[in-house]
Amino acid sequence: MSAPIRLLPPQVADAIAAGEVVERPAAAVKELCENALDAGATRIDVDLEGGGLVRIVVADDGAGIPSDQLELAVARHATSKLGSVDDLAHVTSLGFRGEALASIAAVSDLRVVSRTGGAETAWLLRCRAGEVIEHRPAARAPGTTVEACDLFHNTPARLAFLRGERSEAAAAVRAVSDLALSHPEVGFTCRSDDRLALRSIGGGLIDAAAAVFGRDASELVVVDAPGEVEVTGLISEPRAHRGTRSGLVIVVNRRRVHNRALVAAVEEAYSGLLPAGRHPFGVVQVTLDAALVDVNVHPTKREVRLREEGRVFGAVQRACWTALQEARLGVAGARLPQLDGVAGSAAAPGPGAAELELRDAGAWVPADAGDGPPQQQEHRLADLAPLRPLAQAADGWLVAESPRGLVLVDPHAAHEKILYTELLAEAEAAAGAGGPAAAQLLLVDTVVGVDAAAVERMSENLDALAGLGFQLEPFGPGMVRCRAVPVAAGSADPERLVRDLLDTLQAAGDLATRRRRLAALTACHAAVRLGDRLDSREQARLLERLVVTPGGLTCPHGRPTVVVLDDRSLRRAFGRPAA
Ligand code: ADP
Ligand code: MG
């Protein structure tokens, strides 16, 4: 940073979107790392204690701050990066508002130790609640260390809003991961309570992706589309996918942004290639003229406005599509269902239409099936007993007979419902008895590579996971070890299951809610698939277990497990008078 630090003229300060910069420790971590990047650092080390609430230390080997500018650096609206309002139109630095250090100083006990390349010594500046209380020489190699202690100690209202140390740590690690992906040539380490959560060596995007995505990085393909809107990056093969969108990092001009349109552009490239409800992961970097990007639209700079969004959208979508085609990854097989769907809707009524007819005919579809006509009565699975299997038809639907009528069963949804109910019953029984839930020890421990942040999410949810019978523990950076899974999950692939669980985990919600969410996902993994062939004994067993499962007719995701065609519906469907 060669330009001196100057106080912004008031009109510039006013032109800058106001707002809270530091709303949680992760935001402070992000701002401090961005300062280090703006200072040209090649290496940034982040240390967190207590999720960053107790202590955040960010050390870099960047240009440093001259001693006579240290006090200005922590003053509000003081920046070396912007001189006039016009500069706002083409910001190339990550920071530009000159309020991060001031905001952090206002809510913490702040120490900055910095030394410029030419200086003989480093200087230390200490502030408490925004007031400078110390400024003296200190020892340090060239570069800057910023240490913020007791974050939000003087703003209890803000403190009350935070989620707990582990969630805050997870968010902070995530912030560093995002920066490692947007600045892959810079080395990053992030420690959380002395545990190494992330190490990106600064060797380029592939290394950074390996650090952030762990073993999943091997499933990424290269995106490389030069042009005025350049799109590069690494995106997941269609066969690897996740339950949420959070694994997709979008970077615009080296800034990680949250932009729904661009996420949609990436997802569109996968259209027809991913199962419903599944999402790609990876990193997509868009590089374009800075004048086309308005970075000054969000207080924490997490959103940007694109001047030619349509054009950028098209470029991203094409680049990702081309990358997937070129990688020729199961494209032919994966596209078939979509093509079938298109043909089906044109030539003959598709499955949607058939279902509608059944409903119109008064089929006994579940009350909570969603878009069907309102049902008069809440039905229960027990009402169908005894349920006798007749056949497995078409794609795998079971056809069964009950005293109530002909019953069509979705074996996956039914099995899912059974397992979900068993998992929760077991967890409740174990909790009541004060013991662990019945678990099945794995013959060989499964070690799963996951996001650094996922390890934090796991730790945050250990109570809910252990309550169901999972035995999980951190195992080195970006890895977790699974020793046992719930008995009901015995048939699931433990690696995929654990990975998906950690992916989907949100720490929000009380224990019961989180447990239900985890149980639903576990059940989904362990249940038979719709296409699986079941012999007659397996069919009978599944139906027996189904009719003793309490609750309504839907699976944990709210889809029907059975469709009942009773005599009345069949008579109506065939145009016969009611009996
Ligand atoms: P901004 O980044 O928007 O300029 P900040 O409050 O984050 O505002 O930082 C104020 C100024 O302090 C920066 O403009 C920069 O000159 C200086 N500064 C902050 N952190 C560092 C750092 N790690 N290395 C060098 N200079 C820094
Ligand atoms: Mg800054």
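Start at 1 with the first residue, then count along the sequence. Just so it is clear, the values below take in all heavy atoms, side chains as well, and ignore hydrogens, waters and symmetry mates. Each ligand, and each atom within it, is numbered from 1 in the order the structure gives.
Residue contacts with ligand 1, taken as heavy atom pairs separated by less than 4.0 Å, involve A39 solely via side-chain atoms from C-beta onward. The residue V58 has no part lying near ligand 1, judged by heavy-atom distances below 4.0 Å. With a 4.0 Å cut-off on non-hydrogen atoms, L101 touches ligand 1 through its backbone as well as its side chain.
Using a 4.0 Å cut-off between a side-chain N of Lys or Arg and a carboxylate O of Asp or Glu, E49 and R55 qualify as a salt bridge. Comment: E120 does not engage R115 in a salt bridge, judged by the lack of any side-chain N to carboxylate O separation of less than 4.0 angstrom. One finds a salt bridge joining D451 and R242 here, because a Lys/Arg side-chain nitrogen approaches an Asp/Glu carboxylate oxygen to under 4.0 Å. Taking the charged nitrogens against the carboxylate oxygens, R128 and D109 do have a contact shorter than 4.0 Å, which makes a salt bridge.
Atoms of ligand 1 lying under 4.0 Å from at least one heavy atom of I5, given by number and element, are 16 (O). The contact set between ligand 1 and G95, taken as ligand atoms under 4.0 Å from a residue heavy atom, comprises 2 (O), 3 (O). Against a heavy-atom cut-off of under 4.0 Å, E99 is close to the following atoms of ligand 1: 6 (O), 8 (O).
Considering backbone and side-chain atoms alike, T79 places an N or O below 3.5 Å from some N or O of ligand 1. Geometrically, ligand 1 and N35 share a nitrogen or oxygen pair separated by less than 3.5 Å. Checking only distances, A100 does come within under 3.5 Å of ligand 1, N or O to N or O.
Using cut-offs of 30° and 60° on the angle between ring planes, the pair F281 and F213 is tilted.
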- Message: Could you walk me through whether T446 and E495 satisfy the side-chain hydrogen bond (donor to acceptor under 3.5 Å, both in side chains) test, starting with their C-alpha distance in whole Å, then the side-chain angles of each, then the deciding distance to 0.1 Å, before giving a yes or no?
- Response: CA-CA 6 Å; T446 301; E495 179 170 344; over 6 Å; no

- Message: I'd like to know whether E456 forms a salt bridge (Lys or Arg N to Asp or Glu O under 4.0 Å) with R174, so could you lay out the CA-CA distance, the side-chain angles of the two residues, the decisive distance to 0.1 Å, and finally the verdict.
- Response: CA-CA 10 Å; E456 301 295 331; R174 174 71 207 243; over 6 Å; no

- Item | Chi angles and distances behind the salt bridge (Lys or Arg N to Asp or Glu O under 4.0 Å) call for D463, R514 | CA-CA 9 Å; D463 51 351; R514 287 181 291 132; 3.2 Å; yes

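At least one N/O/S atom of N35, whether from backbone or side chain, sits less than 2.8 Å from the Mg ion (ligand 2).
Within the 4.0 Å heavy-atom cutoff, G64 counts among the residues contacting ligand 1. Residue contacts with ligand 1 include D60, since one of its heavy atoms falls under 4.0 Å from the ligand.
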